[in-house]
Enquirer: 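Just dropping this structure here.
These figures come from a predicted structure and were not determined experimentally. Every chain is numbered from 1, with letters handed out A, B, ... down the list of sequences.
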Protein chains: 2
Amino acid sequence: MANMKRIAELAGVSLGTVSHVLNGTARVREPLRERVLNAVHETGYQPSQLARGLRRDKTNILAMIVPDILNPFFPGVVRGAEDVAFANGFRLVLCNTDNDHKKELVHLNALQTYLPSGLIVIPSDFSDLTAQAESYRKSGAAVVCVDRLPRNWAGDSVTSDNAVGAFNATSYLIDLGHRRLAVITGPLHLTNSQDRLKGFKRAVRQAGLEIAPAYAQEATFDRAGGYAKTKILLRLLPRPTAILACNDMIALGALMAVREEKLNCPDDISIIGFDGLDVTETTTPQLSSVYQSSYQLGAEAVQLALDRFADTSSPVRHIVLKTELKIRESVAPPPKLESANGTGSAKRLRLAAVRA
Amino acid sequence: MANMKRIAELAGVSLGTVSHVLNGTARVREPLRERVLNAVHETGYQPSQLARGLRRDKTNILAMIVPDILNPFFPGVVRGAEDVAFANGFRLVLCNTDNDHKKELVHLNALQTYLPSGLIVIPSDFSDLTAQAESYRKSGAAVVCVDRLPRNWAGDSVTSDNAVGAFNATSYLIDLGHRRLAVITGPLHLTNSQDRLKGFKRAVRQAGLEIAPAYAQEATFDRAGGYAKTKILLRLLPRPTAILACNDMIALGALMAVREEKLNCPDDISIIGFDGLDVTETTTPQLSSVYQSSYQLGAEAVQLALDRFADTSSPVRHIVLKTELKIRESVAPPPKLESANGTGSAKRLRLAAVRA
DNA sequence: CTGCTATTCTGAAAGCATTCACGTAGCCGG
DNA sequence: CCGGCTACGTGAATGCTTTCAGAATAGCAG
C-alpha cells in the first residue's frame, strides 16, 4: 500500500500539503489540490488508520460491549449502532461479556488501547463502570450506557421507558377485567427489570388492587426462567388470570408452561411480554408484547456518543425511548367463571356453569 | 496512559528491554525482567495497539463482515467467531453489508487500513472477492469465507454440508411416504441455496420421483418469501404434501400461509426448515429443521484464519460441517385420502372417507 | 589475569500521518 | 518600487512500539 510520502512525491508536494488536502485542515490552491487528489486516485491510497490514530490520539473505532449477541434482543441494538457509526465513518468493535463483569473489565481495559472514540455498553450484571468510564473520558472517549444502567451511573445513557411500558401493559390487563395479576421480572439487580416492576406495581396500586408477594416472581431473562416461574404461578391459589412477563423470552417460557398445564392462553390466562421480538408473531397464540426499538436504542446511543464527542462539556443526557403496547392474541378478558380452587381450563368451567 | 518510555525509566532499563520482556522476543535476565514487570503492574501499563500495529504491520483485529446481524442466523456465527477470537487475544470489528456488494467493498477497503490479521466474511449477494482477498493476503491477512462462497472462490472456507442436509430431510419425507414434494429455495445465486437444492434433487431422483418445475420455487431467505411462494405451491394441482423450506424463515412463512389457507400442518402438509433456529421450537406445530451450528461455523472460521495466519503456505482448506435433521411436530406422513382438486383439510377428508 | 565467546542490553531507526513553527510568494497601499 | 500583510506550502518533530546492529557484560578456558 502506498503511503503519504509516495503521494507527496507523485503530486510533487510536501507531506504536510497532502495531509491538508486529505483532511481539509488548511487551504490548498486548486492546482496542487488536484495533483494530490489525482495521485490519491491513481494509487488507491488510503491513509493508515493506525498511524492516524496514533498521531491524533484517537481512532474512528467505537467499542461496543453487549452481554450476548445470541440473545435476540441485542442484535437490533448492535445493528442500530453500526448503521449510525458507519454513516459517520466509524467502525464497531463488538465484544460479548456473557453478563460477566470480570469479562467486561477485561474488554474494557483491552479496548482502551485502541483509543476508540467512544464506548457503547450494555452493562453486565452487577456492573460498576464508574472507574473505567472515567478513564475513557479522560482519554477523550465518549461513554454511553444502553438499555440498563450500572450502579451509580452518572453518564450519558439511552434506555426505553420501561416503567411506562410495563405500566401500560398492566393497565391494559386491568382494564380488561383482570384482577389477579402476576408478574415475572428479570433479575432485579438490573435497572430495566426494576423499572418494569415499578411500572407494574404503579398500575396495580392505581387500580386499588393488592398483589401478594408470591405473584411477583423474579426470573432470569430467558425461556427457562419464564417456564419455571410460570409453573410456580400456575400452582398458586387463586391462580392469576394474567401474567406480565418482563421480556419476550420469559413470555415464551410462560406460554410453554401454560400449554403444558393444559391451560389455554388467552382463555384461561393472558400473557404480555416485553421487547416485541419477531418471535412473538410466530407463536400460537401470537404474543402480545411491549415493543421497544432495540435498533433505535443502538442508533441513539451512537448518535449520543458522537454528540458528546463533539462537545465534551454539555450536560449529561439521558435519552428515554417510548414503548408501544402491541396487543396480539395472547390477551383476553379473564375467564368469567372459575372453580374455587382455580384449576382446570376456563372452557371446561364455562361448560360446567352452563350445565349447572 | 503510561507509555513504554515511562516503564523503561521506572525499571531503569532501555526501551528495547521493555519490549523484549513484554513480547518474549529476547532473553532478559530475571532481575531486569522483574523490574520491568513490576513497573508494568504498578502503572497498569498496556501497550498501544496502534503503535504496535503500525510497527508490526498487523493488528490483532479481525474484520468480520456479515449480511445483516438482524437475521437470526448470523448472531450465532458472530458469537462463535468472537469467542475464538477473544480466546486468542483478537478483537472483532463487525460490519453489515445488507447483502449489498457495493457496501461490502466499502467495508473491505476501509477495514484494510486497520491492518487486520484476518477477514471473516459471509459474502453478500453476487459477491466476487477475488481481488480484495488477494489484496488482504498480500498484506498478510488471512481471508476465510463462511456459510456461502463468492464466485470463483479459491480460498479457505467453512460451510455446512448443505447438500447432505437437504438430502437427508428430503429422504426423510420420502420415507414417510411423501411423493409430491415441493422445495422453496433461497436465492439461487447463493451457493448454500444451490447446494440445498442439489441435495433435494438428488434425494428425489434417487427415489425415482419426478418433480415438476413449479414445485421448486425460489424465494428470498425470509418469512415474506416463504409465505408468498407457499401460497403459490398450495394452489398447484395436485397440491404438494410436503415442503422443504431452505431456511427457517422461509419455513415460518410457509407455516403462516398454510394456516391462512385453513390447512393443517402436518396433517395436510409437512414442512421442514433449514438452520434449526430457536424459533422453530416455539411455533405450533414446532418446526422440523435441518440444524446447522452457526456458532461452530464462526468458531471454525476464526480458527482457520488463525491457522492460516501461522502458516501462509499450507494448502487451502475447506471445512464442511455436518448438519443434523431435527424432526419435530411439523412432519407427518402424507394424508391418506384426498379429494381430486386437492383442497380441504385432510382431517375432513378422512372423516368423509369414514362416512362413505 | 587475559582473551574470547556467548549472552544481555541498549539506542537509534523505522513505520505513517498530523501539526506547528516558519519560510515564501503574491498582492496592496503608499 | 518598497514595506508589510495575507495566503500557501514546507518539513521537522511527534506519537509509541518493534527490531536490528552493535555495545557492554558475564563467564569460561587457558
Enquirer: Round to the nearest Å and state the distance from A:N60 atom CG to C:dA17 atom C1'.
Expert: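 Computing the A:N60:CG to C:dA17:C1' distance gives 13 Å.
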Enquirer: Using OP1 and OP2 only, check whether a side-chain N or O of A:Y45 sits under 4.0 Å from C:dC16.
Expert: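 So the side chain of A:Y45 is outside the cut-off, no N or O lying under 4.0 Å from OP1 or OP2 of C:dC16.
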Enquirer: Going by side chain to side chain donor-acceptor pair (under 3.5 Å), B:S157 matches just one of B:R148, B:H318, B:R317, B:E300. Which one?
Expert: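 Passing option: B:H318.
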Enquirer: Rounded to the nearest angstrom, tell me the gap between atom CG in B:L115 and atom P in C:dC16.
Expert: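 One finds 9 Å between P of C:dC16 and CG of B:L115, rounded.
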Enquirer: Under 3.5 Å, is there a donor-acceptor pair between the A:E104 and A:H101 side chains?
Expert: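 Side-chain D/A pair, A:E104 to A:H101: present.
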Enquirer: So if I take every side-chain heavy atom of A:V28 and compare against C:dT10, C:dT19, D:dG9, which nucleotide ends up nearest?
Expert: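 Nearest listed nucleotide: D:dG9.
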Enquirer: Please work out if A:S48 contacts a base, only the sugar-phosphate, or nothing of the nucleic acid, heavy-atom cut-off 4.0 Å.
Expert: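 Contact class for A:S48: sugar-phosphate only.
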Enquirer: Does any part of the side chain of A:F90, heavy atoms only, come nearer than 4.5 Å to the side chain of A:F309, both counted from C-beta?
Expert: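 In contact.
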Enquirer: Could you state the atom-to-atom distance from CG of B:L22 to P of D:dT17 in whole Å?
Expert: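 Those two atoms, CG and P, are 9 Å apart.
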Enquirer: Table please: side-chain donor-acceptor pairs of residues 26-38 of chain B below 3.5 Å, with sequence neighbours left out.
Expert:
residue: B:R35; atom: NE; partner: B:A11; partner atom: O; Å: 3.0
residue: B:R35; atom: NH2; partner: B:A11; partner atom: O; Å: 3.0
residue: B:R35; atom: NH2; partner: B:G12; partner atom: O; Å: 3.3

Enquirer: Can you measure B:R33 atom CZ to C:dC9 atom C1' for me and round it to whole angstrom units?
Expert: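 The answer, rounded to whole Å, is 15 Å.
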Enquirer: Would you please confirm or rule out a distance under 4.0 Å between OP1 or OP2 of C:dT18 and any side-chain N or O of A:R52?
Expert: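 Checking A:R52 against C:dT18: at least one side-chain N or O falls below 4.0 Å of OP1 or OP2.
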Enquirer: Would you indicate what A:L32 reaches in the nucleic acid, counting non-hydrogen atoms under 4.0 angstrom: base, sugar-phosphate, or nothing?
Expert: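 It contacts sugar-phosphate atoms only.
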Enquirer: Hey, does B:Y136 have a side-chain heavy atom less than 4.5 Å from the side chain of B:P116?
Expert: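 A side-chain contact under 4.5 Å exists here.
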Enquirer: Starting from the 5' end of DNA chain C, give me the residue, B:L50 or B:P31, whose nearest nucleotide shows up first.
Expert: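 Going by which nucleotide is closer to the 5' end, it is B:P31.
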Enquirer: Whole angstrom is fine here: how far is it from CD in A:Q49 over to P in C:dG15?
Expert: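 Distance, rounded to whole Å: 20 Å.
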Enquirer: Using heavy-atom distances to pick each residue's nearest nucleotide on DNA chain C, tell me which of B:D57 and B:H20 is more 5'.
Expert: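 Mapping each residue to its closest nucleotide by heavy atoms, the 5'-most match is B:H20.
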Enquirer: Among C:dT19, C:dT8, D:dT18, which nucleotide has an atom closest to any side-chain atom of B:R29?
Expert: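 The listed nucleotide nearest to B:R29's side chain is C:dT8.
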Enquirer: Using a heavy-atom cut-off of 4.0 Å across all strands, would you classify B:N23 as base, sugar-phosphate, or nothing?
Expert: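 Counting heavy atoms under 4.0 Å across all strands, the contact made by B:N23 is with sugar-phosphate only.
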Enquirer: Of all the choices, D:dT18, C:dA17, D:dT10, which nucleotide is nearest to the side chain of A:S14 once you look at every atom?
Expert: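 Nucleotide nearest to A:S14's side chain: D:dT10.
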Enquirer: Please tell me which of the listed nucleotides, D:dT10, C:dT10, C:dA17, lies nearest to the side chain of A:P47?
Expert: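 In terms of side-chain proximity for A:P47, the closest of D:dT10, C:dT10, C:dA17 is C:dA17.
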Enquirer: Any side-chain heavy atom of B:D307 within less than 4.5 Å of one from B:Q303?
Expert: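 Sidechains of B:Q303 and B:D307: in contact.
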Enquirer: With nearest nucleotide decided by heavy atoms, which residue, B:A51 or A:V13, maps closer to the 5′ end of DNA chain D?
Expert: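 That would be A:V13.
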Enquirer: Below 4.5 Å, heavy atoms only, C-beta onward: do B:F74 and B:N96 meet side chain to side chain?
Expert: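 No - every pair of side-chain heavy atoms lies 4.5 Å or more apart.
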Enquirer: Is there a donor-acceptor contact under 3.5 Å linking the side chains of B:S313 and B:D311?
Expert: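 There is such a pair between these side chains.
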Enquirer: NA contact type, B:V18, heavy-atom cut-off 4.0 Å: base, sugar-phosphate, or nothing?
Expert: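 Touches nothing.
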Enquirer: When you compare the side chains of B:R151 and B:T191, does any donor N or O come within less than 3.5 Å of an acceptor on the partner?
Expert: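 Side chains of B:R151 and B:T191: no pair found under 3.5 Å.
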Enquirer: So A:L149 and A:P123, do their side chains get closer than 4.5 Å, heavy atoms only?
Expert: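 Sidechains of A:L149 and A:P123: no contact.
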Enquirer: Looking at residues 86-93 of chain A, who's got a heavy atom less than 4.0 Å off DNA chain D?
Expert: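 Heavy-atom cutoff 4.0 Å gives no residues at all.
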Enquirer: On the nucleotide D:dT18, are OP1 or OP2 found under 4.0 Å from the side-chain N or O atoms that B:R56 carries?
Expert: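 For D:dT18, OP1 or OP2 has a side-chain N or O of B:R56 closer than 4.0 Å.
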Enquirer: Please state how far atom CG in B:L54 lies from atom P in C:dC16, giving the value in whole angstrom units.
Expert: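 The distance from CG of B:L54 to P of C:dC16 comes to 7 Å, rounded to the nearest Å.
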Enquirer: Do you see a donor-acceptor pair shorter than 3.5 Å between the side chains of B:T59 and B:R52?
Expert: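 Looking only at side-chain atoms, B:R52 and B:T59 do not form any donor-acceptor pair under 3.5 Å.
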Enquirer: If I take atom OH in residue A:Y114 and atom C1' in nucleotide D:dC16, what distance separates them, rounded to the nearest angstrom?
Expert: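 Going from OH in A:Y114 over to C1' in D:dC16 covers 15 Å.
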Enquirer: Across the strands shown, which category fits A:T17 at heavy-atom distances under 4.0 angstrom: base, sugar-phosphate, nothing?
Expert: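 Result for A:T17 = base.
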Enquirer: Which atoms of nucleotides 12-14 of chain D (N or O only) lie under 3.5 Å from a protein N or O atom, and what are those distances?
Expert:
residue: D:dT14; atom: O2; partner: A:R55; partner atom: NE; Å: 3.0
residue: D:dT14; atom: O2; partner: A:R55; partner atom: NH1; Å: 2.7

Enquirer: D:dG11 P sits how many Å from A:E9 CD, rounded?
Expert: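 Answer to the nearest Å: 12 Å.
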Enquirer: Name the closest nucleotide to the B:N3 side chain, picking from D:dT17, C:dC16, C:dC9.
Expert: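 Looking only at heavy atoms from C-beta outward on B:N3, the closest nucleotide is D:dT17.
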